[in-house]
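Given the structure is predicted, the values throughout are model-derived calculations rather than measurements. Order of listing sets the numbers, starting from 1, for every ligand and every atom in it.
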Amino acid sequence: MILVIGGAGYIGSHLVKELVTTNEVVVLDDLSTGYRWAIDERATFMEGNLGNEADLDHIFSTYKIEAVVHFAANSLIGESVADPLKYYENNVSATLTLLKTMMKHHVKKVIFSSTAATYGIPTTDIITEDTSTHPITPYGRSKLVIEQILADFAHAYELEYVILRYFNAAGAYETAEIGERHDPETHLIPIILQHLLGEREHISVFGSDYDTEDGTCIRDYIHVTDLAHAHLLALQVLLDGKKKTATYNLGNGLGYSVKEVIKTCERVTGKKANVIMANRRAGDPARLVASSDKIYQELGWKAQFSLEQIIQSAWKWHQNSVKVTK
Ligand code: UDP
């Protein structure tokens, strides 16, 4: 049995859809940002919080958990600057409770969702796992602290882990049964597509004076299904005992500017966007592009979906989501 914490969330629900075809899965989620409809019905669902030791004790005593995949976190950079306590409580303190309870029940394998935000403002064009980590926001720091705690637990208590540092997750499940939904939505691709569906009047581009070719920020967009596949591989090597600890970037290795993303959305949907240039958003580095060579070399994982395909799947989802989320 695999425990997926945060399995009702965007990335977690995509992993669960794949994982249930080969494993028994229990999902723990407090539904604070995730959705009941997003959890595949083949998984067992427990509503609860990973910071609640009693909820965890119950799960670890009821099921024979072989490994934990831990997605649950708050992940808005701006919100983390305004309310760091929430981030240190929910992302750090609650995870510490999870790890403590795992150790108590002798569950010693975990996959942890980390982020490109651990790198801060990188000084290299392509970020490898060896690029130094200097997060510039409480969100990034909350994730890096847990990475360090995992390493300490591995050393002291024989915890085994894979840390996956996501770049910009986007896209939706191929059947459009599940996809990205945040409330409020802050991410670029869903915002563009909501606008093109007539749900928003315009798109604001946050900063057009960055030191990039067209002045807008460059990001590495990675399909959520590619992310799910990386988790499956990481889980397999942990379960097979082939890796004790590892940290991997997950990206496409390609950078696209905000303007290029808008153009691609226009091309995919055949609609024209109303775009407004706005001020920079706090905490946005000009360029974040991953090298994912390490996970390719070690686990054979490589992103399969292009930006165009990411947007096609997201567009299908956005058109379908009105029905699904009712
Ligand atoms: N962005 C934008 N307008 C929006 C939302 C996002 O210009 O309405 C920009 C944002 O400043 C960043 C890029 O799009 O440069 C990707 O932002 P997103 O929030 O999707 O992901 P992040 O990189 O912050 O994780």
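- Residue contacts with ligand 1: Tyr256 is excluded, as none of its non-hydrogen atoms falls under 4.0 Å.
- Using a 4.0 Å cut-off to heavy atoms of Thr186, the atoms of ligand 1 that qualify are 5 (C), 19 (O).
- Of all atoms in ligand 1, listed by their number and element, those nearer than 4.0 Å to a heavy atom of Val205 are 7 (O).
- Between Glu160 and Lys244 there is a salt bridge, since a side-chain N of the basic residue sits under 4.0 Å from a carboxylate O of the acidic one.
- Close contacts of ligand 1 with Ile191, meaning ligand atoms under 4.0 Å from a residue heavy atom, involve 8 (O).
- Note: Arg181 CZ to Trp37 CH2 = 6.0 Å, rounded to the nearest 0.5 Å.
- If you check which protein heavy atom lies closest to atom 22 (P) of ligand 1, you get Asn168 ND2, 3.4 Å.
- Considering backbone and side-chain N/O of His187, none are found under 3.5 Å from N/O of ligand 1.
- The cationic group of Arg280 lies under 6.0 Å from the six-membered ring centre of Tyr210 and within 45° of the ring axis, placing it in a cation-pi geometry.
- Of the protein's non-hydrogen atoms, the one nearest atom 16 (C) of ligand 1 is Tyr221 OH, 3.7 Å.
- Taking any N or O of Ile203, backbone or side chain, none lies under 3.5 Å from an N or O belonging to ligand 1.
- Asn23 pairs with exactly one of Leu19, Val20, Thr21 by the side-chain contact (heavy atoms from CB on, under 4.5 Å) rule, that one being Leu19.
- Within the structure, ligand 1 has Asp284 among the residues with a heavy atom less than 4.0 angstrom away.
- Close N/O approach between Arg281 and ligand 1 is found [any backbone or side-chain N/O within under 3.5 Å].
- A salt bridge links Lys104 with Asp57: the distance from a Lys NZ or Arg NE/NH1/NH2 to an Asp or Glu carboxylate oxygen falls below 4.0 Å.
- Of the protein's heavy atoms, Leu188 N, 2.8 Å lies nearest to atom 20 (O) of ligand 1.
- For Arg36 and Glu47, the salt-bridge test fails: no basic side-chain N is under 4.0 Å from an acidic carboxylate O.
- Side-chain contact between Arg287 and Ile126 is present, with heavy atoms from C-beta onward closer than 4.5 Å.
- For a threshold of 3.5 Å applied to N or O pairs, the pair formed by Cys217 and ligand 1 contains no separation below that value.
- Residues Thr118 and Thr115 have side chains in contact (heavy-atom distance under 4.5 Å, counting atoms from C-beta outward).
- For atom 9 (C) of ligand 1, the closest heavy atom belonging to the protein is Val258 CG2, 3.8 Å.
- Expressed to the nearest 0.5 Å, how far CD of Gln312 lies from OG1 of Thr264 amounts to 10.5 Å.
- Atom CZ in Arg165 sits 9.0 Å away from atom OG1 in Thr131 (nearest 0.5 Å).
- For atom 1 (N) of ligand 1, the closest non-hydrogen atom of the protein is Phe206 CD1, 3.6 Å.
- Here Ala116 has no heavy atoms under 4.0 Å from ligand 1, in either its backbone or its side chain.
- Taking the ring centroids of His231 and Phe71, they lie under the 6.0 Å cut-off.
- For ligand 1, the atoms lying closer than 4.0 Å to a non-hydrogen atom of Ser204 are 2 (C), 3 (N), 4 (C), 7 (O), 8 (O).
- Those atoms of ligand 1 that come under 4.0 Å of a heavy atom in Arg219, given as number and element, are 15 (O), 16 (C), 23 (O).
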